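Keep in mind that what you see is a predicted model, and the values were worked out from it rather than measured.
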Amino acid sequence: MFRKLTRVTVLRSVRGPADLKRLEADRLPTLAAEIRRELVTSVARTGGHLGPNLGVVELTIALHRVFDSPRDTIIWDTGHQAYVHKMLTGRQDGWERLKKTGGLSGYPCRAESDHDHVENSHASTSLSWADGVARAYALTGQRRNVVAVIGDGALTGGMAWEALNNIAAGKDRNVIVVVNDNGRSYAPTIGGLADRLASLRLQPGYERVLEAGKHALASTPVVGRRSTRACTRSRPAQGRAQPAGALLRPRPQVLRAGRRPRHRGHGVGAAPGPALRRAGHRARRHAEGPRLPAGRERRGRADAQPVGVRPRDRAAHRAAVGELDQRVLRGDCGARRAAAGRRRDHRGHARAHRLVPFAKAFPERCIDVGIAEQHALTSAAGLALGGMHPVVALYSTFLNRAFDQLLMDVALHGKGVTLVLDRAGVTGNDGPSHNGMWDLSLLGMVPGMRVAAPRDAGTLREELAEAVAVEDGPTAVRFPKGAVIEAVPAVRRVGGVDVLHEAADASVLMVCVGAFGDLGVAAAQRLAQQGVAVTVVDPRWVLPVPEVLVGLARAHKLVVTVSDCGRHGGFGSALGDALRAAECDVPLRDLAIPQRFLDHGSRADVLAAAGLTAQDVARRVTEWAAAGSGVQVPEEASEEPAASEEPR
């Protein structure tokens, strides 16, 4: 116990940036080691993003030593690397409930701290945020710094380059861009830009040679200073003479030409980045225009670690902490070499979408575009134009970013492209930005769009095969986060719609989307005990609404939809439109996700808070049936309706 307390002495003494600034420099390496140990211990227990945070320990310490947060605005791209920032801004407690209901968020969270300015959890957005915030500060006369920390993975997103174009033109905006070119995002960074940044890291002498040559020329008698000025003036012209890919070449001086952002490269060693702190101080003092100090963490600090960690049982946790202590705190070279080998074998986002086995079996058919959803959709449209049928794997929440490309590049051209939307509906502990509750609302606006929602492993395989067989327009297959339900058997199939539960003389038709088929069966069994006969169906293909559902609705006195999407524009809305178009006046009630940003917590907790459990569904059906729909039910006292319910 005593040993544990002594290890966290320095960390526990830092309750905010002011305490950090008062620390003697020789205590900073101890602080960095304690932070790493705390990260390993906590995240191995709760789950979360370990690798990205192990890689920014020194960087975060340096930033908070140099800048005055929260007056100076620090924006993280993406926010999953902000754990160290949280520890250094008064949030050392509560890590045992990381990403759980009532605990710390896994991303910056304005409700937690004034030091969190932007809840930034989608990649490639930090530079646009920084541009806007800095512009506002300039227009209102506030002399405040805006610091955007962006990794080379996020720099693969086109939005980042659009923002850089504006930042570079703004001499009045006090923006510092810290490029953390560590070769990773969720996994090793993919693409030409990443290769060029890597070449910068591998050629550290390049800039030193240029500087030495400049000083030698300047010291030449008589003509030295004049020649130096002439060479400096020629740089913008040289930059213009470069081909379009010049910025991707290992020539950071190109970024200095004219009004382009100034670039300074600095490695962060075992001590908390003295070179980076010096670069930060220079960037902060420089009051004219944007600056780009480039930080990179020491190799092996993050690369030898898993990027995301799932909770472990206690025994496994102890073993993992012991193993990671050796790797992280002692810098095991063998572990680093092994990690380098894994990086060559595993494509970045193939891992995030569990496509590694496919990538190994068919490497020429697995294309990883990095964090570039817009590019992915338009590139897929091009593949379809060339006679292929591409399958694009996205987290549901990131479909939001590529809507225009889906609408105008895929659907408008009638191309057969299949979207596989992982983490649809409520994801839970990743918080409001990662819930995939918006997809059906968006997809319902796309002409010719067909959307399947499998309820279990068998129907997932079946509906994916049906989706890739469609060649005249886009299709999507959406499924939630969590363990895959092995089987929810159907009683029979009617016109492509699966009947999961039926009773004689059923008066209620319950239409359950996707994984809620299991919930619907459980609710129907509860209702049967209360004397309410229910038919439960899984539409399988939810958009467009199957015509057979209209006929099934006519045969019942009440229709209830249960779906894991936002209520506005969701499946209930689509079925309501279909019933009205068919002049079917059967009462329809919706149970869906409330149209608001939901707090983080376990998926089960979030669904329970939204009234989406078997018990809640059974209770509400009983109330609606008893309220005048013509369904005969025993009289019972009703409770207040849940926030997720809306009558039609």
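In this structure, S441 has no side chain to side chain contact (heavy atoms under 4.5 Å, CB included) partners at least two apart in sequence or on a different chain. Applying the side chain to side chain donor-acceptor pair (under 3.5 Å) rule to T613 yields the partners D616; only residues at least two apart in sequence or on another chain are considered. In this structure, the side chain to side chain contact (heavy atoms under 4.5 Å, CB included) partners of W95, at least two apart in sequence or on a different chain, are S42, Y83, K86, M87, L98, L104. Take R110 and apply the salt bridge (Lys or Arg N to Asp or Glu O under 4.0 Å) test, not counting sequence neighbours, and it matches E119. Take D26 and apply the salt bridge (Lys or Arg N to Asp or Glu O under 4.0 Å) test, not counting sequence neighbours, and it matches no residue. Under the side chain to side chain contact (heavy atoms under 4.5 Å, CB included) criterion, K100 pairs with R97, sequence neighbours left out. Every residue was checked against the side chain to side chain donor-acceptor pair (under 3.5 Å) condition with S105, not counting sequence neighbours, and none meets it. Evaluation of the side chain to side chain contact (heavy atoms under 4.5 Å, CB included) rule for N400 yields T397, W438, L442 as partners, not counting sequence neighbours. By the salt bridge (Lys or Arg N to Asp or Glu O under 4.0 Å) test, D131 is found to be paired with R135, R173, residues two or more places apart in sequence or in another chain being considered. Shown here are the salt bridge (Lys or Arg N to Asp or Glu O under 4.0 Å) partners of R91, two or more places apart in sequence or in another chain: E112, D116. Residues satisfying the ring pair (Phe, Tyr, Trp, His ring centres under 6.0 Å) criterion with H600, sequence neighbours excluded, are absent altogether.
If you take CG on N53 and CG on L39, they are separated by 5.5 Å, rounding to the nearest 0.5 Å. Rounding to the nearest 0.5 angstrom, the gap separating the CE atom in M437 from the CZ atom in F597 is 8.0 Å. For the atom pair CZ of R12 and CG of D19, the computed distance is 13.5 Å after rounding to the nearest 0.5 Å. Here the straight-line distance linking atom CG of D564 with atom CZ of F479 works out to 12.0 Å at 0.5 Å rounding. Atom OG of S124 is separated from atom CD1 of I150 by 6.0 Å, given to the nearest 0.5 angstrom. The structure places CG of L394 at 9.0 Å from CZ of F398, a figure rounded to the nearest 0.5 Å.
Between E58 and A32, the shortest heavy-atom distance links the atoms OE2-CB, 4.1 Å. Closest approach of D72 to H117, counting heavy atoms only: O-NE2, 3.9 Å. Nearest approach of D422 to P480, heavy atoms of both residues: OD1-O, 4.3 Å. The nearest pair of heavy atoms linking A592 to G566 is CB-C, 4.5 Å. Listed here is the closest heavy atom pair of P17 and S69: CG-O, 4.0 Å. Shown here for A130 and I75, the closest heavy-atom pair between the two residues is N-CD1, 3.9 Å.
Summarising the local packing, CG of D114 is surrounded by 12 or fewer heavy atoms from other residues, nucleotides or ligands at distances under 6.0 Å.
With respect to E34 and R27, no salt bridge is recorded, no charged nitrogen being found less than 4.0 Å from a carboxylate O. Using a 4.0 Å cut-off between charged side-chain N and carboxylate O, R478 and D439 make a salt bridge.
Between Y395 and T427, the side chains place no donor N or O within less than 3.5 Å of an acceptor N or O (distance only, hydrogens not considered). Side chain to side chain, T78 and H80 meet the donor-acceptor criterion of an N or O pair below 3.5 Å. No hydrogens or angles considered: a donor-acceptor pair under 3.5 Å links the side chains of H85 and H64.
Inter-residue side-chain proximity for K21 and D68 is flagged as met; some heavy-atom pair is nearer than 4.5 Å. L11 is listed as a side-chain neighbour of I35, based on a closest heavy-atom distance under 4.5 Å. L54 is listed as a side-chain neighbour of V40, based on a closest heavy-atom distance under 4.5 Å. Residues V149 and L59 form a side-chain contact, since some pair of their non-hydrogen atoms from C-beta on lies under 4.5 Å apart. At a threshold of 4.5 Å between non-hydrogen side-chain atoms, the residues R144 and T73 count as touching. Side-chain contact check for P52 versus H49: some heavy-atom pair is nearer than 4.5 Å.
For the side chain to side chain contact (heavy atoms under 4.5 Å, CB included) with N145, the qualifying choice from I176, V66, V175 is I176, the only one to do so.
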Practice task
Let me see the working for N174 and Y137 under side chain to side chain contact (heavy atoms under 4.5 Å, CB included), right down to the final yes or no.
Solution key: CA-CA 8 Å; N174 214 24; Y137 289 164; over 6 Å; no
Exercise for the section: Could you walk me through whether Y107 and V118 pass the side chain to side chain contact (heavy atoms under 4.5 Å, CB included) test, one step at a time? Expected result: CA-CA 9 Å; Y107 297 93; V118 175; over 6 Å; no
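Looking only at distances, no side-chain donor or acceptor of E38 sits under 3.5 Å from a matching main-chain atom of Q92. Put simply, the side chain of R65 gets close to the backbone of L20: a donor and an acceptor are under 3.5 Å apart.
Under the salt bridge (Lys or Arg N to Asp or Glu O under 4.0 Å) criterion, no residue pair touches residues 602-612, with sequence neighbours excluded.
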